[in-house]
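A short worksheet on the structure shown next.
Chain naming here is simple, since letters A, B, ... match the order of the sequence lines and numbering starts at 1 in each.
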There are 2 protein chains.
Amino acid sequence: MKREKISELTTNRLSVYLRCLNELRAAGIKTISSQELADQFKLNSAQIRKDLGYFGEFGVRGTGYSIEELRQHLTKILGLDKVHRVGIVGAGRLGTALANYNGLAKSSFAVVALFDNDQQKIGQTIGVDRIPVYDVKKIAKLVHNEEIDIAVIAVPARVAQRVLNQIMAAGVKAVLNFAPAPLVGRLGVKVKTVDLTTSLESLSYFLALPQKARVTNARRVAAELKRQVVNDKRDL
Amino acid sequence: MKREKISELTTNRLSVYLRCLNELRAAGIKTISSQELADQFKLNSAQIRKDLGYFGEFGVRGTGYSIEELRQHLTKILGLDKVHRVGIVGAGRLGTALANYNGLAKSSFAVVALFDNDQQKIGQTIGVDRIPVYDVKKIAKLVHNEEIDIAVIAVPARVAQRVLNQIMAAGVKAVLNFAPAPLVGRLGVKVKTVDLTTSLESLSYFLALPQKARVTNARRVAAELKRQVVNDKRDL
DNA sequence: CTCTGTGAAGTCATTCACAGCG
DNA sequence: CGCTGTGAATGACTTCACAGAG
């Protein structure tokens with residue numbers, strides 16, 4: 001296992017591979033080759049082998065990968081063998097929706113606290129899990145008491161940087177930001193921004209293109225189509 | 001204006017530039033250089049000039065860019081001079097949260113319909129804007145009647161591909177997908193996936209790293225800052 | 001003979017660096 | 001002069017292609 005720097009593109013893909021492996025396991029399949037796995041999404045098989053290669057040699061030549069074994073390795077690599085405790089700052093619509101989002105509960109993330117500055121909301125609980133809403137001022141205390149290791153920013157853009165500063169001051173090292181703002185992180189703190197407006201505007205750009213440009217979108221689309229066909233065959 | 005293929009990384013940044021310009025305009029500033037703009041987020045000024053250069057020569061040498069003028073150009077380029085009509089499939093927590101999300105209303109996206117298969121929800125309206133919830137079966141009809149040009153998938157992963165197929169059959173060309181599933185699009189249809197689980201698992205990976213690797217050298221962290229904005233250049 | 005693991009080649013993106021306009 | 005626009009250089013990511021393990 002050579003500890004060179006792993007790109008975020010790679011870690012994102014590892015997450016996707018893991019999800020796929022979980023499904024395959026549920027389907028009772030024991031073994032899979034990088035080529036078969038690549039067909040599931042439209043990736044190149046060398047990409048998968050290379051991604052895995054950064055972390056070790058998990059495959060068996062001539063056979064492929066043991067699904068259960070690879071699954072365990074990826075779980076470990078991604079740090080999903082421990083439950084992460086998540087605090088959401090901003091108990092607005094997005095914040096509460098995320099607190100209730102089942103997708104998270106199913107994986108190893110537990111939302112343990114929400115924070116807001118609205119006195120109306122503070123003291124309430126959210127969802128069937130009755131997650132408490134605290135005063136934003138108590139972030140530092142609760143990060144410590146509840147052992148929160150991941151924070152989610154779901155506040156308006158204009159206060160996002162201030163909130164991030166509070167979060168970092170409290171010692172949280174990983175932050176998922178939904179505010180459409182370019183946040184400045186600090187050494188050793190990972191800030192990942194999910195920007196819905198940018199995503200939509202990017203779609204808008206695509207729609208604004210002349211139809212010809214949208215369709216003649218080059219090799220990648222062609223390659224996708226090819227794989228699609230392959231997939232369909234396989235399913236039969 | 002040379003019509004070569006523009007990377008999605010570029011269009012994502014254009015969206016961010018535009019947001020910044022809107023703020024600068026609100027602050028009453030008239031002109032800005034690429035260097036100043038680059039300082040706002042941690043970008044390279046050449047990057048900005050190159051991004052803009054794909055679409056024309058908007059700058060004035062020795063001075064910089066007229067904020068109002070550049071703002072108008074970017075708005076046009078991103079197709080934001082027209083209001084996009086958005087339909088959200090899945091009236092669960094995420095779907096309704098998005099329907100209510102003010103960030104969208106502020107820009108040029110209007111959510112005009114939700115779709116669900118739960119008879120309890122069909123016929124209801126969501127939020128202060130009273131957006132109606134329709135039966136999923138009516139997607140094709142409503143896409144036509146309401147002139148929906150962007151669809152949002154906010155349904156569980158296992159039904160996401162089926163929903164996408166219905167959406168594409170209805171003629172929608174741009175789709176924002178929140179389901180954690182590798183969807184297969186069709187020629188001329190843009191599918192952009194926002195995968196919360198992957199984002200969180202990527203943060204988890206970071207936390208699982210030895211502290212030393214997390215902090216690394218300042219140069220690398222600076223470079224990472226630029227990547228904060230989630231850029232799924234590969235749509236899963 | 002199949003499929004992994006991996007250098008080498010190829011492709012795409014970012015940054016440098018500077019000519020030349022205003 | 002200062003700042004844009006852009007080739008040329010560098011760097012990052014992906015894909016090819018094949019030696020070699022099982």
(request) Can you figure out which of C:dT14, D:dC13, D:dC3 approaches the side chain of B:Ser33 most closely? (result) D:dC3
(message) For a side-chain contact (heavy atoms from CB on, under 4.5 Å) check, start with the C-alpha distance between A:Leu14 and A:Leu52, then their side-chain angles and the critical distance, and finish with the verdict.
(response) CA-CA 8 Å; A:Leu14 292 183; A:Leu52 298 177; 4.1 Å; yes
(request) Ignoring the backbone of A:Arg61, work out which of C:dA17, D:dG20, D:dC3 is nearest its side chain. (result) D:dG20
(request) Between A:Thr10 and A:Thr63, just flag the one whose closest nucleotide in DNA chain D comes earlier from the 5' side. (result) A:Thr10
(message) From CD1 of A:Ile48 over to C1' of C:dT4, roughly how many Å is that when rounded to an integer?
(response) 13 Å
(message) Does the plane of the ring in A:Phe109 sit parallel, tilted or perpendicular to the ring in A:His84? Use 30° and 60° as the thresholds.
(response) parallel
(message) Using every non-hydrogen atom in the two residues, find where B:Lys192 and A:Ser199 come nearest and quote the distance to one decimal.
(response) CD-O, 3.9 Å
(request) Looking only at side-chain atoms of A:Lys50, point me to the closest of D:dG20, C:dG7, D:dG5. (result) C:dG7
(request) Output yes when a side-chain donor or acceptor of B:Arg19 lies under 3.5 Å from a complementary backbone atom of A:Pro180, and no otherwise. (result) yes
(request) Verify the neighbour count for atom NZ of B:Lys82: are there more than 12 heavy atoms of other residues, nucleotides or ligands below 6.0 Å? (result) yes
(request) Given side-chain contact (heavy atoms from CB on, under 4.5 Å), test B:Tyr17 with B:Leu70 step by step and report yes or no. (result) CA-CA 10 Å; B:Tyr17 302 158; B:Leu70 186 54; over 6 Å; no
(message) What's the closest nucleotide to the side chain of B:Val60 if the choices are D:dT6, C:dG22, D:dT15?
(response) C:dG22
(message) Between P on D:dA12 and CZ on A:Arg13, what's the gap in Å once rounded to a whole number?
(response) 15 Å
(request) Pull out every residue in residues 18-27 of chain B that has a heavy atom closer than 4.0 Å to any atom of DNA chain D, ordered by number, or say none. (result) none
(request) Round to a whole Å and report the spacing from CG of A:Leu43 to P of D:dC16. (result) 13 Å
(message) Nearest to the side chain of A:Asn44, heavy atoms from C-beta on, is which of D:dC13, D:dT15, D:dC3?
(response) D:dT15
(request) For the side chain of A:Arg49, starting at C-beta, report the closest nucleotide among D:dA17, C:dC16, D:dT4. (result) D:dA17
(request) Just compare C:dT14, C:dG22, D:dG22 and give me whichever is closest to any side-chain atom of B:Leu9. (result) C:dT14
(request) Using the ring of A:Tyr101 (Phe, Tyr or Trp, six-membered ring only), decide whether B:Arg93 places NZ or CZ under 6.0 Å from its centre and within 45 degrees of its axis. (result) no
